[in-house]
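Following: one structure in structure tokens, then a few remarks.
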Amino acid sequence: MDNSTVTFILTLVVAFIFLRWFISPDLPQQSVKKGAVKAKKAKRTKAVNEEGVEEESSDEEFDIHSPMNNVKARAVSSSMIEVVQTLAPQLTEAQIRWDLENNGGSVSLTVDKFMETGSLPFPPDTAPQAATASRSGDEVAGDGANVAKRSGLEKAKSEELTPSTTGWSDDKQERSKLLQKKREEMVDKARKRLAAQLDGA
Amino acid sequence: MPPRSTAQRRLLKEYQQLARDPPPGIVAGPLDEDNLFVWECYLEGPTDTPYENGVFPATMTFPKDYPLAPPTLKFTPALLHPNIYKDGTVCISILHSPGDDPNQYERPEERWSPVQSIEKILLSVVSMLAEPNCESGANIDACKLWRDDREGYDQQIRGYVRKAMGL
């Protein structure tokens, strides 16, 4: 009776320790001695290296016990990427992963960035592709409908029509003046065309 | 004052893009830069339509949670068109958020989402002027006129354009 109770309790304790070990492999790292941690780290680094190059940089930070460590360590799971991708289906996984890694794995920061700019930057290791891809990404976000409609000819025409008023001034008042000027020019030109048409008819 | 919210930063960016690379026949920008949520847009009537040579002002109003929710666009003064309500409000799919479908036939990809833009909205509106969609009429009288008496419809709009342009 006594014996079986002790065995039972021991089994429970052992089972608990085992489960704890398997479920949260990160936890023991912090409580155990440094040597053990280093061994673990080496293991993690290897595993990570097989996955991809980008993660290497975060491994260096494992040795420093900064709070960023934990964030980085659990950063960028596929479910996080999925969350962002549901909102922004035209982004590639690489773009999302890169941005999440850069901001410490904050989905909300990444989403905010996407909302503001309409796209996300490409990771530098895909640089040759990024030059063309990011441009097409911008078009998808910014003026995709426009691309189909606007032929090169039309674009040239529009530049010719409004040579002085395109561009962006750093001064707020200058900008609003420019906008006002554009409006006036547009109305003026349309009015002239209409007058010519009425004369012709 | 630097813009703070996501919506304000996004609006400023779109304003910048439209200023740098304006699509033909469209001039759009905030009415007053201290309030980026109200824009004034000038749209040229598409060629080979009765709206040709007209310039139509419209006010675009953005919600605080833009770009999650779409803006509204209202022609001031109102314009006779099958897809424009009598008060001037434009009714097209790109201005409807995916959850809200008043007519139950629009495909989700035609509707508003954060990947759309002000430029896309305005280009859609210009092509709407050229090609009214009477299946989703907002102004029933204009729909009837457009369908049954195209000549009368065209004439009425040409007359309006002349008057609006002061000729």
Side-chain angles (χ1 to χ4, degrees), chain A residues 87-91 111-119 137-138 140-151 153-162 165-169 172-173 175-176 178-199 201, chain B residues 1 3 5-34 40-45 47 52-55 57 65-68 94 113-124 126-127 158 161-162 164-167:
Chain A
L87 249 164
Q90 84 279 26
L91 295 180
V111 169
D112 269 359
K113 192 167 170 187
F114 164 68
M115 289 290 194
E116 268 162 41
T117 60
S119 185
D138 278 349
V140 167
D143 44 24
N146 186 13
V147 174
K149 286 184 183 180
R150 188 200 295 167
S151 65
L153 189 77
E154 269 178 311
K155 198 175 172 183
K157 212 168 90 185
S158 83
E159 276 163 9
E160 180 187 294
L161 282 174
T162 52
T165 48
T166 53
W168 178 256
S169 163
K172 199 165 87 176
Q173 283 183 330
R175 285 202 292 266
S176 94
L178 210 65
L179 193 64
Q180 185 59 37
K181 200 175 150 201
K182 271 192 225 174
R183 285 187 195 128
E184 280 164 12
E185 243 174 52
M186 188 186 211
V187 173
D188 197 44
K189 272 178 190 149
R191 202 162 176 271
K192 275 181 191 151
R193 281 201 306 269
L194 186 62
Q197 197 189 40
L198 290 174
D199 281 347
Chain B
M1 189 185 74
S5 73
T6 304
Q8 282 169 316
R9 280 185 300 231
R10 160 95 178 219
L11 285 168
L12 196 65
K13 196 176 153 81
E14 290 203 49
Y15 177 29
Q16 196 170 350
Q17 272 172 357
L18 281 169
R20 286 210 172 118
D21 184 17
I26 290 171
V27 173
L31 200 55
D32 171 6
E33 268 195 52
D34 292 330
E40 192 167 51
C41 311
Y42 276 53
L43 301 177
E44 249 172 39
T47 47
E52 187 176 11
N53 296 332
V55 173
D65 59 349
Y66 181 82
L68 283 176
I94 197 175
S113 84
V115 298
Q116 308 284 18
S117 64
I118 298 168
E119 185 178 5
K120 277 195 209 170
I121 294 175
L122 295 176
L123 287 167
S124 303
V126 171
S127 62
R158 277 196 213 100
V161 168
R162 256 203 314 276
M165 302 303 284
L167 288 168

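Keep in mind that this is a model prediction, so the values were computed, not measured. Reckoned from all heavy atoms, side chains included, excluding hydrogens, waters and symmetry mates.
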Under 4.5 Å to a heavy atom of chain A? For B/Ala164 that would be neither

Under 4.5 Å to a heavy atom of chain A? For B/Tyr66 that would be neither

Margin query: Can you tell whether the side chains of B/Glu44 and A/Lys189 come within less than 4.0 Å, N to carboxylate O?
Written below: no

So does B/Pro114 get a backbone contact from the side chain of B/Arg10, meaning a donor-acceptor N/O pair under 3.5 Å? yes

Turns out that what part of B/Ile121 lies under 4.5 Å from chain A's heavy atoms comes down to neither

Test item: A/Arg191 side-chain N/O and B/Gly166 main-chain N/O as donor-acceptor pair under 3.5 Å: yes

task: Without swapping roles, check the side chain of A/Arg175 against the backbone of A/Ser169 for a donor-acceptor pair under 3.5 Å.
output: yes

Cut-off 4.5 Å, heavy atoms of chain A, and the answer for B/Ile94 is neither

